[in-house]
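Working notes for the structure below.
Note that the coordinates shown come from a computational prediction; the quantities given were computed from them, not determined experimentally. The figures here come from the full heavy-atom set of this structure, side chains too, leaving out hydrogens, waters and symmetry mates.
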Amino acid sequence: VQADLRAGDPFAIKQRKALAHEFVLDALTPVSPWTRPMFGCTAIYVGEKIMLILRQKPSYQRDNGVWLATSHEHHQSLRQDFPNMRSIELLGEPVSNWQVLPIDAPDFEESAMRACELVIAGDLRIGRVPKSRKPKQDKKLAKPATQVVQPRRNSPTVKSKCSKRS
C-alpha cells in the first residue's frame, strides 16, 4: 500500500528540491558536513563553521555557483588557487568577505572540487564562525515575573476579622 501523496493528505511526504551543485556536498563527506537553508540557498557547515553556500537561483544569475566563507585578508592568496573567484555582486559591496566561484567560469567544477579539498585539509582561509545571535526568548519568559505579595496579617491597611476584638 502506497502513501496517498495528494494535497489533502496530512501524511504526504514533501518532495525536496534538488540540491544545487550536490557534488560539492558529496565531496565533503569525509568531514561530516551539515546543511542549513539560507537565503533560498544551501549553507554547508563543518562543525560550528560555515564553509560554503551552494547557490542556483534565477535572480542575480552571475552570483550562482559556490560561495566561499572567507575574509578580505585571504582574497589574494585564494585568487592564486581560484583565478575566476570574485566578490558577490548581489551583496552590494565592492569587495565582500564572501567570494563566489561562478558557475559560468570555465573551471567551475575543478575550482569547486579544489575548494572541497581545502576544506577537508582544514585550510584556515575558508570557513567562518557565524556571529552569534541572541537566543530567542520564550514569550512567557520575556515578561518580567510578577510576584503576588500577600498582605501581612497585622498590616494597618488590611482589615481582617482577626484584628477586631469585640
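Nearest heavy-atom pair across Asn97 and Ser71 is OD1-CA, 3.3 Å. Taking each heavy atom of His75 and Met85 in turn, the nearest pair found is O-CE, 3.6 Å. The shortest heavy-atom contact between Gln56 and Ala20 is CB-CB, 3.4 Å. Nearest heavy-atom pair across Ile50 and Trp98 is CD1-CH2, 3.8 Å. Of all the heavy atoms in Ile126 and Ala115, the pair that sits closest is CD1-O, 4.3 Å. Residues Ala27 and Met113 share a closest heavy-atom pair of CB-CE, 3.6 Å.
Following chains of ILVMFWY side-chain contacts shorter than 4.5 Å, one cannot reach Tyr45 starting from Val129, and the two form parts of different hydrophobic clusters. No continuous path of hydrophobic side-chain contacts links Val95 to Leu68 [ILVMFWY only; heavy atoms under 4.5 Å]. Note: the hydrophobic cluster containing Val31 also contains Phe23 (ILVMFWY, side chain heavy atoms under 4.5 Å, direct or indirect links).
Identified under the side chain to side chain donor-acceptor pair (under 3.5 Å) test for residues 116-125, with sequence neighbours left out: Ser77-Arg125, Asp81-Arg125, Arg114-Glu117, Asp123-Arg125. Identified under the salt bridge (Lys or Arg N to Asp or Glu O under 4.0 Å) test for residues 93-112, with sequence neighbours left out: none. For residues 37-58, no pair satisfies salt bridge (Lys or Arg N to Asp or Glu O under 4.0 Å), with sequence neighbours left out.
Arg128 has its side chain out of reach of Thr70: every pair of non-hydrogen atoms, C-beta onward, lies at least 4.5 Å apart. When side chains are defined from C-beta on, Arg86 counts as touching Asp63, because their heavy atoms get closer than 4.5 Å. Trp67 is listed as a side-chain neighbour of Ile88, based on a closest heavy-atom distance under 4.5 Å. The shortest distance between side-chain heavy atoms of Leu19 and Thr42 falls below 4.5 Å.
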